[in-house]
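Given the structure is predicted, the values throughout are model-derived calculations rather than measurements. In this chain, numbering begins with 1 at the start of the sequence shown. Order of listing sets the numbers, starting from 1, for every ligand and every atom in it.
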Amino acid sequence: MSGLPRVTLNAGTAMPQLGLGVGHLTDAQAAVAVSTALECGYRGIDTAAVYANERGTGRALAASGLPRADLFVTTKLWNADQGHDRTLRAFDASLAALGLEYVDLYLIHWPQPARELYPESWRALERIHAEGRARAIGVSNFCIPHLERLVAGSGIVPAVNQIELHPWYQRPALRAHHRARGIATEAYSPLGQGEVLGLPVLTAIAGRYGVTAAQVVLRWHLQLGHIAIPRSADPARIRRNADLLGFALDDADLAAIAGLDAGRRLGPDLNGVG
Ligand SMILES: NC(=O)C1=CN([C@@H]2O[C@H](COP(=O)(O)OP(=O)(O)OC[C@H]3O[C@@H](n4cnc5c(N)ncnc54)[C@H](OP(=O)(O)O)[C@@H]3O)[C@@H](O)[C@H]2O)C=CC1
Ligand SMILES: O=C(O)C(=O)[C@@H](O)[C@H](O)C(=O)CO
């Protein structure tokens, strides 16, 4: 998968369009999954402080022997650590756990707007970025009003908004807003947590190309310009999920997948939670 495309972020760095997500994996599982993924050619890894597996992730990154410049490592600020000074301390802890001198992308995990802390947390991310310790900074689970508040009050437009995005939950208005603002769209739960993979529309397309439904969904993300971070703990799936360059979806396939949008969110919405 060495030829898999990268997306140039507004911060100027190039982010692999496919990465491995390690949410809900233990430290040990994350270490194995990251090692497998790097051997298969992945270079993007998505973790978060709340996943409690930054150490295992970092061990696997170090053991790979790959040049740091080839890797693209994302981690995230957890909700309990929002606020300017807490953010700075949480970032230091993440960096230490990962064993890195910098991350490629640091995200605010959820805005949690009722707490009114995300603008000052963002100012801390701007400082971390200015220090060169996060090559790009962005957000996750932000809606249009939250993005607009940051853009209005800050010199830096988020490089990325990482959002739940899959065939059942396609979010066309938010994606159009990202395009208008130059924010890259990163899809989490890109396989719909595995739940969409049995849909007849997807299995029929997969059958025609001789690939899996997961490959079809990931190819769809690539063709729409999304960054996608599928999670798997299964080495064969990790490998196959990155084998996306041997086929291309045509306009009829893309239209059929567009027709699957049901506005159906699968993960929790923590924006209302204090
Ligand atoms: N910012 C945020 O708030 C959030 C971010 N994330 C990030 O996104 C990543 C991915 O999201 P996630 O919710 O895990 O969902 P995914 O859509 O990546 O689905 C993961 C599930 O799909 C299964 N799977 C993976 N590949 C295949 C395949 N080829 N065939 C069949 N099943 C497959 C996995 O099982 P198996 O392991 O058995 O292969 C797992 O059960 C997370 O790891 C995390 O990094 C996730 C949620 C929220
Ligand atoms: O997985 C994530 O990245 C999330 O933000 C949440 O799903 C979180 O991990 C969670 O499950 C908290 O209940």
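Contacts with ligand 1 closer than 4.0 Å are made by backbone heavy atoms (N, CA, C, O) of Val22 only, the side chain lying farther away. If you look at Ser189 next to ligand 1, the close heavy atoms, those under 4.0 Å, come from the backbone and the side chain alike. Looking at Asn141 against ligand 1, only its side chain comes within 4.0 Å, counting heavy atoms. Counting heavy atoms closer than 4.0 Å to ligand 1, residue Pro190 contributes atoms from both its backbone and its side chain.
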From CA spacing to verdict: side-chain hydrogen bond (donor to acceptor under 3.5 Å, both in side chains), Ser189, Glu164: CA-CA 6 Å; Ser189 303; Glu164 183 178 333; 5.2 Å; no

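Distances from atom 22 (O) of ligand 1 to the heavy atoms of Ala214, Ser232, Gly194 show the closest one on Gly194.
Side-chain contact check for Ile45 versus Phe72: every heavy-atom pair is 4.5 Å or farther apart.
Defined by atom type and a distance below 3.5 Å, a donor-acceptor pair is present between the side-chain atoms of Thr185 and His178. Checked by atom type, the side-chain pair Asp46/Gln162 shows a donor-acceptor distance below 3.5 Å. One side chain, Glu148 or His177, offers a donor N or O that lies under 3.5 Å from an acceptor on the other. Neither side chain, Glu54 nor Thr47, offers a donor N or O lying under 3.5 Å from an acceptor on the other.
The closest approach between Gly267 and ligand 1 stays at or above 4.0 Å for every heavy atom of the residue.
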Report all N/O contacts between ligand 2 and the protein shorter than 3.5 Å as a table of atom names and distances to 0.1 Å; if there are none, say 'none'.
unit_1, atom_1, unit_2, atom_2, d
ligand 2, 1 (O), His24, NE2, 3.4
ligand 2, 3 (O), Tyr51, OH, 2.5
ligand 2, 3 (O), His109, NE2, 2.7
ligand 2, 5 (O), His109, NE2, 2.9
ligand 2, 5 (O), Trp110, NE1, 2.9

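If you number the atoms of ligand 1 from 1 as listed, the ones under 4.0 Å from a heavy atom of His109 come out as 1 (N), 2 (C), 3 (O). Residue Pro230 has at least one heavy-atom neighbour below 4.0 Å for each of these atoms of ligand 1: 18 (O). Near Leu197, the atoms of ligand 1 lying under 4.0 angstrom from a non-hydrogen atom of the residue are 30 (N), 31 (C), 32 (N).
Of the options Leu18, Val34, Ile229, a side chain to side chain contact (heavy atoms under 4.5 Å, CB included) to Tyr42 is made by Leu18 and by none of the others.
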